[in-house]
Amino acid sequence: MSAKIESVLVENRVFPPPESFARQATVSGMAQYRALCDEAERDHAGFWARLAREQLLWNKPFTRSLDESEAPFFKWFEDGELNVSYNCLDRHLGTPVEHKTAIIFEGDDGSVTKVTYKDLHARVCRFANGLKSLGYTLGERAIIYMPMSIEAVVAMQACARLGLTHSVVFGGFSAKSLQERIVDAGATLVIAADGQFRGGKAMPLMPAVEEAFSLGGCEGVRHVVVYRRTGGEVAFKPHYRWMHELEAGQPDTCEPVPVGAEHPLFILYTSGSTGKPKGVQHSSGGYLLHAMLTMRWTFDIKPSDVFWCTADVGWVTGHTYVAYGPLAVGATEVVFEGVPTYPNAGRFWEMIQRHRVSIFYTAPTAIRSLIKACDTDPKTHPAKYDLSSLRLLGSVGEPINPEAWMWYHVNVGGGRCPIVDTFWQTETGGHMITPLPGATPLVPGSCTLPLPGIAAAIVDEVGGDLPNGTGGILVVKKPWPSMIRTIWNDPERFKKAYFPPELKGYYLAGDGAVRNKDTGNFTITGRIDDVLNVSGHRMGTMEIESALVANPLVAEAAVVGRPDDLTGEAIVAFVVLKGARPADAAAALKVAKELRDWVGKEIGPIAKPRDIRFGDNLPKTRSGKIMRRLLRAIAKGDEITQDTSTLENPAILEQLKQAL
């Protein structure tokens, strides 16, 4: 089978960087972008070494930039030593930044707490001293199971300060998921909260911790530290400690522990095809370098900016662009506990207005759900709010379809804010392919060009380069500092998953992509396992989804394939309409025909879905990620065996099982 993926979606709209933005941008114009790319091309390791010396504060300077001797287990700046927390907090002490607001925290109920860099440094030191008093030392692993809060950032930074490797588990995950991560990481410490507030409700977290322990294998945990957030009941045990009591009376200073640049800063578990979660292991030096560079390059961060990344710290976006990147560059950031639809779907816009947010970074899933919401309730439309403080928008988590991009550009950005559509993964640590807002002409639905030093390419199944205009497999040909180092406790799985021998030692992103024939811009066509083969034509699911969402009736769509005797695969589309679901079968068939014809006109008859199903929503995790494996099982009529406890809306599955 050919690895070529046919690109059937053509996008001709182009938005050059506004002149006023380009004039003051960190990377101003394509000439400066190309100069950085040329420098990296001439001396790949030397390029990254220069940046590491400029951006990071080292306890012991490194003498070796890149060690490829044990590829694909690459090492960067290995003989250097530094501390990540020092680079995020202490570096600002004694400068004007120490009195600047570091975090604006808004609770689910709208209450606001602000902390300066000096305050945050003191809080991290007190908590780190508390952990030291419990006997925790360099190299131990801590599980963090907390809601979005200043305390979650404090916990992550305190671990980094002491050289503890942390693994944050999203607060919506089940007891079994938590237990699996405690066991796999060999954790000796759990930092949790009694509960969290979401959508006006207090939701307990400690029962999941207690159930995780009851499942066994957690005997190595010596202490559980609990942040009191909701006041919910906690069945205290002798090895439990309240976070506030542990901090009480501790000094406001704590000497940061220097660690090697390759010391594991964190393990973050991501889903794998086997069902067993993969512990993605990230380094300290290379990871923080990329977090800082992308804050400067992609987000063009300025001292006056108020930056808001809406991601939860349970995901990599919340690590790089909440807990570490913004603090390392001395930014003011918003941290939000709640959900975008409470008390109504104008919550994001109201917060942007209130806090004068200038850089807003969120997921296409959130954008699409808010498009649907403001169609239903016009009072929540962005036009009803003062969003004049915005100067830059961002998109993260999945490809953004062109129509959602245009809505975001016009209605949220007022047509004046560049949108950075960022392609990256848990494994990459930070942005890989993204517009630079002062340099790159923007194309809706395209993540445009790789960052300087990122050797992205599109190849066939044996690693051969494919010409622009031909879709294929997305790879990265050269190592970069923030890349995954290994899968925790499973180096063989790491090699097999990310560096398969048939791809010449290139990093396999797992996504299909196509480059524009003229500009070289990248467009992600969907996961390789979401590529459909219909009558010998290989099509990316994202392109069909984009065509569906371009129809004025459709708020959101997800496309999967199911085996078909005649065509190899049949296209199945799960659709959320902007209005109510069709009232009966006849109405549903009528809308389905209209949508099939629409896709045929937009793309071609080959892309028409065989089966269209309607739901009030799509099955998503609480972070907003569509659970495509569930949709594939539903499309094939398979029994759903995987855990659905992490779904935001499990009842939706029954709706989507109803075929027309």
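FYI, the numbering just counts along the sequence from 1.
Taking the side chain as every heavy atom from C-beta outward, Val221 and Ile182 approach each other to under 4.5 Å. Inter-residue side-chain proximity for Tyr507 and Glu427 is flagged as met; some heavy-atom pair is nearer than 4.5 Å. At least one side-chain heavy atom of Leu451 sits under 4.5 Å from a side-chain heavy atom of Thr298. For the pair Phe299 and His431, the minimum side-chain heavy-atom distance is below 4.5 Å. The side-chain heavy atoms of Met156 and His319, taken from C-beta on, include a pair separated by under 4.5 Å. Within the 4.5 Å cutoff, the side chain of Asn489 has heavy atoms near those of the Asp184 side chain.
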Identify each donor-acceptor pair in which a side-chain atom of residues 235-255 lies under 3.5 Å from a protein atom, sequence neighbours left out, and give them as a table.
{"residue": "Arg241", "atom": "NH1", "partner": "Pro238", "partner atom": "O", "Å": "3.0"}
{"residue": "Asp252", "atom": "OD1", "partner": "Arg126", "partner atom": "NH1", "Å": "2.8"}

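With sequence neighbours excluded, no residue forms a side-chain hydrogen bond (donor to acceptor under 3.5 Å, both in side chains) with Ser167. With sequence neighbours excluded, no residue satisfies side-chain hydrogen bond (donor to acceptor under 3.5 Å, both in side chains) with Gln196. Taking the side-chain hydrogen bond (donor to acceptor under 3.5 Å, both in side chains) definition, one finds that Arg91 meets it with Asn87, sequence neighbours left out. Here Glu219 pairs with nothing under the salt bridge (charged side-chain N to carboxylate O under 4.0 Å, His left out) rule; sequence neighbours left out. Remark: Phe423 pairs with no residue by the ring-ring contact (aromatic ring centres under 6.0 Å, His included) rule, at least two apart or across chains. Every residue meeting the salt bridge (charged side-chain N to carboxylate O under 4.0 Å, His left out) condition with Arg354, not counting sequence neighbours, appears here in chain and number order: Glu106, Glu350. Considering only residues two or more places apart in sequence or on other chains, Glu81 meets the salt bridge (charged side-chain N to carboxylate O under 4.0 Å, His left out) condition with none of them. For Tyr227, the ring-ring contact (aromatic ring centres under 6.0 Å, His included) criterion is met by no residue, not counting sequence neighbours. With sequence neighbours left out, the side-chain contact (heavy atoms from CB on, under 4.5 Å) criterion links Arg50 to Leu36, Glu39, Phe47, Glu54. Considering only residues two or more places apart in sequence or on other chains, Asp421 meets the salt bridge (charged side-chain N to carboxylate O under 4.0 Å, His left out) condition with none of them. Every residue two or more places apart in sequence or in another chain that forms a ring-ring contact (aromatic ring centres under 6.0 Å, His included) with His282 is listed here: Phe266, Tyr287.
Checked by atom type, the side-chain pair Arg296/Gln55 shows a donor-acceptor distance below 3.5 Å. In summary, the side chains of Ser284 and His263 do not present any donor paired with an acceptor at a separation below 3.5 Å, with no hydrogens or angles considered. Remark: the Tyr342 side chain and the Lys201 side chain contain no N/O donor-acceptor pair separated by less than 3.5 Å. Side chains of Gln281 and Thr486: a donor-acceptor N/O pair is absent below 3.5 angstrom, by distance only. No hydrogens or angles considered: a donor-acceptor pair under 3.5 Å links the side chains of Thr422 and Tyr361.
Under a 4.0 Å N-O distance rule, the pair Glu78/Arg64 qualifies as a salt bridge. Ion pairing between a basic and an acidic side chain is recognised when a charged N comes within 4.0 Å of a carboxylate O; Asp90 and Arg161 show such pairing. Salt bridge present: Asp305 and Arg391 bring a charged side-chain N and a carboxylate O closer than 4.0 Å. At a threshold of 4.0 Å, the pair Arg229-Glu337 counts as salt-bridged, since one of the basic side-chain nitrogens sits closer than that to a carboxylate oxygen.
For the pair Leu93 and Lys118, the tightest heavy-atom approach, listed with the atom from each and the gap, is CD2-CA, 4.3 Å. Closest heavy-atom contact between Ala155 and Phe127: CA-CE2, 3.8 Å. Minimum interatomic distance between Ala291 and Thr320 (heavy atoms only, all atoms of both residues): CB-CG2, 3.7 Å.
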**OP:** Test side chain to side chain donor-acceptor pair (under 3.5 Å) on Thr188 and Glu140 and set out the steps.
**Re:** CA-CA 7 Å; Thr188 57; Glu140 293 191 75; 2.8 Å; yes
**OP:** Under the side-chain contact (heavy atoms from CB on, under 4.5 Å) rule, what do Phe336 and Thr310 come out as? Steps first, then yes or no, please.
**Re:** CA-CA 7 Å; Phe336 176 45; Thr310 66; over 6 Å; no
Original post:
What's the verdict on ring pair (Phe, Tyr, Trp, His ring centres under 6.0 Å) for His92 and His99, showing C-alpha distance, side-chain angles and the deciding distance?
Top reply: CA-CA 9 Å; His92 305 305; His99 301 298; over 10 Å; no
**OP:** List the steps, then state whether side-chain contact (heavy atoms from CB on, under 4.5 Å) holds for Lys114 with Val112.
**Re:** CA-CA 7 Å; Lys114 297 182 181 182; Val112 175; 4.3 Å; yes
Subject >> Audit row: Glu98, Thr116, side chain to side chain donor-acceptor pair (under 3.5 Å) steps and yes/no >> reply: CA-CA 7 Å; Glu98 77 171 3; Thr116 65; over 6 Å; no
**OP:** Dump the intermediate steps for side-chain contact (heavy atoms from CB on, under 4.5 Å) on Val169 and Ile144, then the final yes or no.
**Re:** CA-CA 6 Å; Val169 179; Ile144 298 174; over 6 Å; no
**OP:** Kindly indicate, with the supporting measurements, whether the criterion side-chain contact (heavy atoms from CB on, under 4.5 Å) is fulfilled by Phe213 and Val190.
**Re:** CA-CA 11 Å; Phe213 286 157; Val190 171; 4.3 Å; yes
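The backbone N or O of Pro452 lies less than 3.5 Å from no partner atom in the side chain of Trp297, so there is not a single donor-acceptor pair.
Geometrically, Arg53 does not engage Phe77 in a cation-pi contact, judged by NZ or CZ lying under 6.0 Å from the ring centre and within 45° of the ring axis.
Other residues, nucleotides and ligands contribute at most 12 non-hydrogen atoms within 6.0 Å of the CD atom of Glu233. Counting non-hydrogen atoms of neighbouring residues, nucleotides and ligands closer than 6.0 angstrom, the NZ atom of Lys100 exceeds 12 such neighbours.
Phe348 has its ring centre less than 6.0 Å from the ring centre of Trp308. In summary, the aromatic rings of Phe307 and Phe360 are positioned with their centroids too far apart to meet the 6.0 Å limit. Taking the six-membered ring for Trp, Phe494 and Phe73 have ring centres closer than 6.0 Å.
Rounding to the nearest 0.5 angstrom, the gap separating the CG atom in Asp108 from the CE atom in Met203 is 10.0 Å.
Using a 30° and 60° split on the angle between ring planes, Tyr321 and Trp424 fall in the perpendicular class, above 60°. Using bins of under 30°, 30° to 60° and over 60° for the plane-to-plane angle, the ring pair Trp315/Phe170 lands in the tilted bin.
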